[in-house]
Amino acid sequence: MRRMLVLGALALGGCGGSGEDPPAPEPPPREGFELRPVAATAIAELEGVLHDPPPSLPPTDREEVLGLVTFVAGSTGAMRDAGVDDLRALGDAALPHLRAIADDEDLDGPVRVAAVRGLAALDTELAGAELASIVRDSRLVWQRANAAYFLRETSRDEVVPELILRLKYEKDHGTVVWIAA
């Protein structure tokens with residue numbers, strides 16, 4: 001045991017045993033490593049992007065809208081919802097094309113119904129007026145019923161008086177139910 005105490009004392013004596021901690025190293029000079037100018041430049045660039053007006057959407061063509069409508073007609077669930085979102089993103093620029101597709105007798109019924117769904121997805125005053133005109137003017141019962149059904153899912157209250165008047169003349173019971181809804 002005595003031997004261990006001697007060895008321990010020698011070991012402590014060889015380590016400088018002054019009992020003080022060694023001095024902390026000096027921090028590196030901050031010249032050339034300053035991050036503030038870099039961050040300030042990046043923030044200024046991002047703020048410039050945020051305050052720029054959004055790019056205007058290019059005018060849509062019938063083929064683009066027809067492609068999206070066909071996709072919506074052939075899809076279900078989340079894929080259909082994604083296609084409807086793409087139609088919504090086109091805004092009122094797609095409105096004349098959607099109405100033309102809805103009225104095109106050469107197209108299949110599901111594609112025409114998807115065009116009516118696209119009109120409802122726009123949820124603008126003009127789109128609401130187009131849906132109301134389909135309810136009012138279409139000679140096809142299924143088209144009037146679908147327009148009334150999808151119009152019910154919009155926030156377009158300005159068409160309510162026109163739809164109430166339409167209830168007086170509508171002969172299809174299913175369409176009457178959707179108009180009333």
Side-chain angles (χ1 to χ4, degrees), residues 42-181:
I43 290 172
E45 288 174 9
L46 290 174
E47 285 178 348
V49 169
L50 290 175
H51 296 298
D52 288 344
S56 61
L57 294 173
T60 58
D61 63 348
R62 179 181 161 89
E63 294 306 313
E64 176 185 8
V65 176
L66 181 59
L68 285 171
V69 168
T70 304
F71 176 80
V72 169
S75 302
T76 59
M79 293 302 287
R80 180 181 57 216
D81 293 343
V84 170
D85 288 343
D86 288 346
L87 284 170
R88 184 180 301 114
L90 295 175
D92 280 341
L95 195 123
H97 303 300
L98 287 169
R99 179 60 195 258
I101 293 167
D103 292 338
D104 190 343
E105 293 179 7
D106 293 333
L107 294 173
D108 292 336
V111 173
R112 294 172 71 185
V113 170
V116 173
R117 180 189 300 265
L119 284 168
L122 293 178
D123 199 15
T124 64
E125 188 174 340
L126 292 173
E130 286 295 325
L131 285 168
S133 75
I134 291 172
V135 172
R136 182 186 64 235
D137 299 333
S138 180
R139 61 182 177 79
L140 302 172
V141 172
W142 64 266
Q143 194 173 31
R144 290 194 313 268
N146 277 289
Y149 174 83
F150 288 119
L151 189 56
R152 160 187 81 84
E153 295 180 351
T154 69
S155 64
R156 308 312 333 159
D157 293 338
E158 63 271 1
V159 299
V160 171
E162 183 178 349
L163 293 176
I164 290 173
L165 289 174
R166 180 64 195 159
L167 282 172
K168 181 177 179 180
Y169 301 104
E170 182 58 55
K171 293 186 182 356
D172 177 59
H173 299 296
T175 304
V176 167
V177 169
W178 294 124
I179 291 173

| Which heavy-atom pair separates Ala147 from Ile134 by the least distance, and what is that distance? | CB-CG2, 3.5 Å
| request: Kindly give the heavy-atom pair with the smallest separation between Ala181 and Arg152, and that separation in Å. | output: CB-CD, 3.5 Å
| note | Note: Val69 and Ala115 closest approach over all heavy atoms is CG1-N, 3.6 Å
| Does atom CD of Glu125 have more than 12 heavy-atom neighbours, drawn from other residues, nucleotides or ligands, at distances under 6.0 Å? | no
| message | Nearest 0.5 angstrom please: Arg144 CZ to Lys171 NZ, how far? | response | 9.0 Å
| note | All heavy atoms of Gly83 vs all of Val72, minimum pair found to be C-CG2, 3.5 Å
| task | Answer whether the closest heavy-atom distance between the side chains of Tyr169 and Arg136 falls below 4.5 Å. | result | no
| Any side-chain heavy-atom pair from Leu122 and Leu87 closer than 4.5 angstrom? | no
| query | Roughly how far, to the nearest 0.5 Å, is CG of Leu107 from OG1 of Thr70? | reply | 7.5 Å
| field | Euclidean distance, Thr124 OG1 relative to Asp92 CG, rounded to 0.5 Å | value | 3.5 Å
| field | Any Leu90 side-chain heavy atom under 4.5 Å of Leu98 side chain | value | no
| Heavy-atom distance under 4.5 Å between the side chains of Trp142 and Val113, does that happen here? | yes
| For Val135 against Arg166, the heavy-atom pair lying closest together | O-NE, 3.4 Å
| query | Roughly how far, to the nearest 0.5 Å, is CG of Leu68 from NE2 of His97? | reply | 11.5 Å
| Chi angles and distances behind the side-chain contact (heavy atoms from CB on, under 4.5 Å) call for Val111, Leu66 | CA-CA 8 Å; Val111 173; Leu66 181 59; 4.2 Å; yes
| message | What I'd like to find out is whether the side chain of Arg117 reaches to under 4.5 Å of the side chain of Asn146, using heavy atoms alone. | response | no
| request: Check whether any side-chain N or O of Gln143 sits under 3.5 Å from a backbone N or O of Ala102 as a donor-acceptor pair, and report yes or no. | output: yes
| Under a 4.5 Å cut-off applied to non-hydrogen side-chain atoms, are Arg62 and Asp104 in contact? | yes
| remark: Of all heavy-atom pairs linking Ala73 and Pro110, the shortest is CB-O, 3.5 Å
| field | pair Glu153-Asp123: side-chain heavy atoms closer than 4.5 Å | value | no
